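Below: the structure, in structure tokens.
This is a predicted model, so every value here is computed, not measured.
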Amino acid sequence: MVVRRFLLPVLLCCLSLSAQALELGGVVVSDSAHLGRSNLLLNGAGVRSKFVFDLYVASLYLSAKKNSAAEVITDEGEKRISLQILREINAEDLVSSLDKAIVRNQTDEELAAIKVEQHEFRSIFSKLVHVKKGDSILLDYLPATGTQVSVNGAPQGSIPGAAFYTALLKIWLGEKPADETLKLKLLGGK
């Protein structure tokens, strides 16, 4: 009887912990992240696929959950986009793909306003040759410093201002997202 009283709470605790963990494409996605002075919450996560290949798990972290792309894009607080790579990708191909998605989701005026920042982003990724399976790319936004890029925990560079991070968000949350299903998942959909 004593054993049952002990095992039941332990079993319930284990079940509740496993129910909270999110696993996608073999990647365990954390339900929170610490950035700057904030503890961010997982807003949503999904797998980015192209053709029949799963490329990466994308996760969006915000200070408060939002289910509208417009709310996320206009939020001036700290944010994180986490990309957990699922297969080896040529870094040039990855940045070219991200670049094209930025262009698809920006007006000519918006593109002109981030021309220098977009060049800096390309420059940051030009240092990498390949992005390997298991690599982690973090695209963080801190209001005081702008976009910070890190790979496997190592800082790669930063881009000042908010406009470029807005352009990055639109890759996944814009009117012409890289993947419509992923957009819904990043916004908390199932």
Side-chain angles (χ1 to χ4, degrees), residues 9-50 53-69 71-89 91 94 98 101 121 124-125 128 130-159 162 164-166 168-173 177-190:
V10 170
L11 180 61
L12 290 173
C13 180
C14 289
L15 287 174
S16 70
L17 287 176
S18 66
Q20 292 175 351
L22 177 61
E23 187 269 327
L24 296 167
V27 173
V28 176
V29 178
S30 177
D31 61 354
S32 64
H34 185 76
L35 178 60
R37 296 181 188 170
S38 299
N39 288 317
L40 304 178
L41 303 172
L42 176 65
N43 199 71
V47 176
R48 168 68 170 115
S49 299
K50 190 168 185 178
F53 301 108
D54 290 343
L55 303 176
Y56 55 80
V57 173
S59 308
L60 174 63
Y61 294 89
L62 305 169
S63 59
K65 293 194 177 211
K66 298 178 180 2
N67 59 7
S68 154
E71 287 180 308
V72 173
I73 290 168
T74 59
D75 179 2
E76 295 178 1
E78 296 168 341
K79 304 177 212 35
R80 170 173 284 169
I81 300 167
S82 170
L83 305 177
Q84 302 298 314
I85 306 302
L86 298 176
R87 63 181 302 112
E88 185 168 323
I89 304 169
L94 177 62
L98 296 175
F121 186 69
I124 289 169
F125 274 90
L128 307 171
H130 283 76
V131 183
K132 299 179 290 302
K133 180 179 180 176
D135 281 352
S136 170
I137 299 172
L138 299 180
L139 305 170
D140 293 333
Y141 176 72
L142 293 149
T145 57
T147 303
Q148 296 180 340
V149 179
S150 63
V151 177
N152 298 325
Q156 301 296 312
S158 61
I159 302 163
F164 185 73
Y165 202 82
T166 296
L168 282 177
L169 285 172
K170 288 181 179 180
I171 291 171
W172 300 280
L173 302 177
D179 182 319
E180 193 68 47
T181 301
L182 179 56
K183 176 180 178 175
L184 295 173
K185 291 185 183 243
L186 291 174
L187 293 172
K190 301 292 177 196

Taking only distance into account, with no hydrogens and no angle test, what donor-acceptor pairs under 3.5 Å do side-chain atoms of residues 40-47 form with protein atoms, sequence neighbours excluded?
from: N43; atom 1: OD1; to: K66; atom 2: N; distance (Å): 2.7
from: N43; atom 1: ND2; to: K66; atom 2: O; distance (Å): 2.8
from: N43; atom 1: ND2; to: L186; atom 2: O; distance (Å): 2.8

Reported [atom1]-to-[atom2] distance for the pair [X] and [Y], which is rounded to 0.5 angstrom:
X	Y	atom1	atom2	value
R80	S38	CZ	OG	11.0 Å
I124	I159	CD1	CD1	4.0 Å
I171	L98	CD1	CG	4.5 Å
L60	K183	CG	NZ	12.5 Å
W172	L184	CH2	CG	16.0 Å
L55	L182	CG	CG	10.5 Å

Residues 144-153, side-chain donor-acceptor partners within the protein, below 3.5 Å, at least two apart:
from: T145; atom 1: OG1; to: Q148; atom 2: NE2; distance (Å): 3.3
from: N152; atom 1: OD1; to: S136; atom 2: N; distance (Å): 2.8
from: N152; atom 1: ND2; to: D135; atom 2: OD1; distance (Å): 3.0

Do D75 and Y141 have side chains that approach each other closer than 4.5 Å (heavy atoms only, starting at C-beta)?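 Not in contact.
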
Does any part of the side chain of I137, heavy atoms only, come nearer than 4.5 Å to the side chain of Y56, both counted from C-beta?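 Counting from C-beta outward, Y56 and I137 never come under 4.5 Å.
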
Under a 3.5 Å distance rule, please check whether [X] uses its side chain to pair with a backbone N or O of [Y] as donor and acceptor.
X	Y	value
Y61	S82	no
Y165	P143	no
K50	R48	no

Which is it for L24 and K185 under the side-chain contact (heavy atoms from CB on, under 4.5 Å) test, yes or no, and what are the steps along the way? CA-CA 12 Å; L24 296 167; K185 291 185 183 243; 5.8 Å; no

Evaluate side-chain contact (heavy atoms from CB on, under 4.5 Å) for L22 paired with D31, printing each intermediate quantity in order. CA-CA 8 Å; L22 177 61; D31 61 354; over 6 Å; no

Could you report the tightest heavy-atom contact between [X] and [Y], atom names first, then the distance?
X	Y	result
S59	V29	OG-CG1, 3.4 Å
D54	S49	OD1-OG, 2.6 Å
H34	G36	NE2-O, 3.1 Å
I73	L169	CA-CD1, 4.0 Å
H130	E88	CD2-OE2, 2.7 Å
V27	Q84	CG1-CG, 3.7 Å

Please walk me through it: do L83 and V131 pass side-chain contact (heavy atoms from CB on, under 4.5 Å)? CA-CA 11 Å; L83 305 177; V131 183; over 6 Å; no

Tell me whether the count of non-hydrogen atoms from other residues, nucleotides or ligands lying under 6.0 Å of CG in N67 goes above 12.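 Open.
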
Check the pair I89 / F53 against side-chain contact (heavy atoms from CB on, under 4.5 Å), numbers first and verdict last. CA-CA 11 Å; I89 304 169; F53 301 108; over 6 Å; no

